[in-house]
Each structure stands twice: as C-alpha cells, then as structure tokens.
Amino acid sequence: GWGVQRSRRRLHLAEWHRRWGDAREAERWLDEAEAHVDEMGGREAARYAQLLRTRALLRRSQGDSEAARALLVDARAVLA
C-alpha cells in the first residue's frame with residue numbers, strides 16, 4: 001500500500017543522500033523512516049535491515065567503525 005511506498009521512498013532518499021555526502025539529510029530520512037517503522041513491516045522486516053545497513057554505512061563514513069559494526073550485526077540478525 002501507500003505506507004510501503006512511503007517507506008521505500010524514505011529509504012531511497014536516505015541512501016541517495018548518504019552516497020552523495022549529505023550526512024545530515026541522510027540521517028533525517030533514516031530517522032523519519034524509523035519513526036514510521038510499522039509502514040515498512042516492523043523491526044522484523046527486510047526493509048528495516050536495509051535501514052540499519054544504510055545507517056551503518058553512514059556511521060562508517062563518519063569514522064565510527066564500532067557503531068557501524070554493531071548496526072550491521074543487528075541488520076544481519078533481522079535477516080536471519
């Protein structure tokens with residue numbers, strides 16, 4: 001439905017901003033996606049794992065390898 005489309009859009013925009021170096025805007029879209037986590041299927045959904053992965057890559061680009069690693073472990077657990 002529309003909620004799924006909105007969640008996909010939020011994740012897409014977060015990833016786009018992360019890739020093009022706008023960390024603050026990427027973080028804003030990730031926060032908005034997380035605030036509406038139920039629209040993406042909850043914290044057990046693959047889209048939530050995508051959110052965690054994008055946030056991990058953002059943390060890594062900011063020099064926080066420990067946070068990045070922890071987020072990737074969380075993302076893997078969602079997909080297991």
- Query: Does Val78 belong to the same Ile/Leu/Val/Met/Phe/Trp/Tyr cluster as Leu11, with side-chain heavy atoms less than 4.5 Å apart forming each link?
  - Reply: yes
- Task: Determine whether Arg76 and Arg53 make a side-chain contact, defined as any pair of heavy atoms from C-beta on separated by less than 4.5 Å.
- Result: no
- Single hit among Gln62, Arg18, His17, Arg59 for side-chain hydrogen bond (donor to acceptor under 3.5 Å, both in side chains) with Glu27: Arg59
Side-chain donor-acceptor contacts of residues 63-74 below 3.5 Å, not counting sequence neighbours, with atom names and distances?
from	atom 1	to	atom 2	distance (Å)
Asp64	OD1	Ala67	N	3.2
Glu66	OE2	Arg69	NH1	2.8

- Note on the structure: For Ala26 and Ala14, the nearest pair of non-hydrogen atoms, with its separation, is CB-O, 3.4 Å
- Item | Any donor-acceptor N or O pair under 3.5 Å, side chains Ser7, Glu39 | no
- If we only count heavy atoms from C-beta on, is the Arg55 to Glu34 side-chain gap below 4.5 Å? yes
- How many angstroms lie between atom CD of Gln50 and atom CG of Leu79, to the nearest 0.5 angstrom? 10.0 Å
- Item | Members sharing Trp20's hydrophobic cluster (side chains within less than 4.5 Å) | Trp16
- Excluding sequence neighbours, so at least two apart, what forms side chain to side chain donor-acceptor pair (under 3.5 Å) with Glu25? Arg28, Trp29
- Message: Any heavy-atom pair between the side chains of Arg6 and His36 that's under 4.5 Å?
- Response: no
- Item | Residue of the set Leu52, Val37, Asp38, Leu51 for which side chain to side chain contact (heavy atoms under 4.5 Å, CB included) holds with Arg43 | Val37
